[in-house]
Amino acid sequence: MSVVEQYARAHIVTDADAEDEDTSIPVVLRYDPEADPRSVCVGLPGTAEWTFSRTLLEQGLRAPTGTGEVRVWPCGRVGAVVEFHSARGVSVVQFETKTLLRFLRRTYLAAV
């Protein structure tokens, strides 16, 4: 089994004027079936890597899910939002759904 690592771009959701600020950030999506075959990791710039259930990510693409540190929900027809809670605050990141689906597909292929 091999590690799946996918680099992507996402957008920080903020109340700042979108015309004044580029909210696009680089993100690393990682899956290591040997470390934990049921978890995925999301690395955001300047923060620690977030590890959470692969099922949570998958279910969150269809309906709001999560009650703890990580919450996921669909956003329109082509987007998904992942919300990360920590003692330092909340980070809300929007992805294209196809990016997350591609990553999930690769994780299932790697686990076989």
Side-chain angles (χ1 to χ4, degrees):
M1 290 190 260
S2 61
V3 174
V4 173
E5 192 168 89
Q6 181 174 316
Y7 296 89
R9 300 234 25 112
H11 294 276
I12 293 288
V13 178
T14 177
D15 59 359
D17 189 358
E19 292 179 17
D20 295 341
E21 189 174 328
D22 180 18
T23 60
S24 179
I25 59 168
V27 178
V28 178
L29 305 169
R30 184 174 297 115
Y31 172 71
D32 185 348
E34 291 183 18
D36 185 352
R38 293 172 288 180
S39 295
V40 294
C41 302
V42 176
L44 303 174
T47 66
E49 195 170 71
W50 292 84
T51 302
F52 56 96
S53 164
R54 178 170 60 168
T55 303
L56 177 92
L57 180 60
E58 186 174 12
Q59 291 175 348
L61 298 179
R62 293 186 300 273
T65 189
T67 57
E69 293 180 341
V70 179
R71 300 170 190 180
V72 183
W73 66 89
C75 181
R77 296 183 319 164
V78 296
V81 172
V82 183
E83 186 176 277
F84 302 99
H85 293 254
S86 73
R88 294 177 49 192
V90 178
S91 295
V92 182
V93 183
Q94 184 175 5
F95 291 88
E96 286 187 10
T97 302
K98 67 181 180 183
T99 299
L100 297 177
L101 285 171
R102 185 180 316 117
F103 172 68
L104 285 168
R105 190 174 311 116
R106 290 179 65 209
T107 70
Y108 285 109
L109 290 173
V112 204

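What you see below is based on every heavy atom in this structure, not just the backbone, and it leaves out hydrogens, waters and symmetry mates. Residue indices begin at 1 and follow the sequence shown.
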Pairwise distance [atom1]([X]) to [atom2]([Y]) - rounded to 0.5 angstrom:
{"X": "Arg30", "Y": "Trp50", "atom1": "CZ", "atom2": "CH2", "answer": "15.5 Å"}
{"X": "Thr51", "Y": "Asp36", "atom1": "OG1", "atom2": "CG", "answer": "8.5 Å"}
{"X": "Leu61", "Y": "Leu56", "atom1": "CG", "atom2": "CG", "answer": "9.5 Å"}
{"X": "Gln6", "Y": "Leu100", "atom1": "CD", "atom2": "CG", "answer": "8.0 Å"}
{"X": "Thr55", "Y": "Arg38", "atom1": "OG1", "atom2": "CZ", "answer": "9.0 Å"}
{"X": "Leu29", "Y": "Glu49", "atom1": "CG", "atom2": "CD", "answer": "9.5 Å"}

Margin query: Please determine whether the number of non-hydrogen atoms from other residues, nucleotides or ligands lying under 6.0 Å from atom CD of Glu5 exceeds 12.
Written below: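 More than 12 within 6.0 Å, yes.
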
Note to self: How about CZ on Arg102, more than 12 heavy atoms from neighbouring residues, nucleotides or ligands closer than 6.0 Å, or not?
What the structure shows: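 Buried by this count: over 12 neighbours within 6.0 Å.
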
Next item on the list: Answer yes if Trp73 and Val90 sit in the same cluster of Ile, Leu, Val, Met, Phe, Trp and Tyr residues linked by side chain heavy atoms under 4.5 Å apart, and no otherwise.
Entry: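 Trp73 and Val90: one cluster.
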
Closest heavy-atom pair and its distance - [X], [Y]:
{"X": "Gln94", "Y": "Val13", "answer": "CB-CG2, 4.1 Å"}
{"X": "Ala80", "Y": "Thr97", "answer": "N-OG1, 3.8 Å"}
{"X": "Tyr31", "Y": "Val40", "answer": "CD1-CG1, 4.2 Å"}
{"X": "Ala110", "Y": "Ser2", "answer": "CB-O, 3.7 Å"}
{"X": "Pro64", "Y": "Pro74", "answer": "N-CD, 3.8 Å"}
{"X": "Gly68", "Y": "His85", "answer": "O-CD2, 4.0 Å"}

Margin query: side chain to side chain contact (heavy atoms under 4.5 Å, CB included), that's the test. Do Val82 and Val42 meet it? Break it down for me.
Written below: CA-CA 10 Å; Val82 183; Val42 176; 5.7 Å; no

Note to self: Applying side chain to side chain contact (heavy atoms under 4.5 Å, CB included) to Lys98 and Val78, what does each step give before you reach the verdict?
What the structure shows: CA-CA 7 Å; Lys98 67 181 180 183; Val78 296; over 6 Å; no

Margin query: Could you go through Ile12 and Val93, starting from their C-alpha distance and side-chain angles, then the distance that decides it, and tell me whether this counts as side chain to side chain contact (heavy atoms under 4.5 Å, CB included)?
Written below: CA-CA 5 Å; Ile12 293 288; Val93 183; 4.0 Å; yes

Note to self: Could you tell me if the side chain of Ser91 sits less than 4.5 Å from the side chain of Glu83, heavy atoms only?
What the structure shows: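 Glu83 vs Ser91: side chains apart.
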
Next item on the list: Answer yes or no: is there a donor N or O on one side and an acceptor on the other, between the side chain of Ser53 and the main chain of Ser39, under 3.5 Å?
Entry: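 No.
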
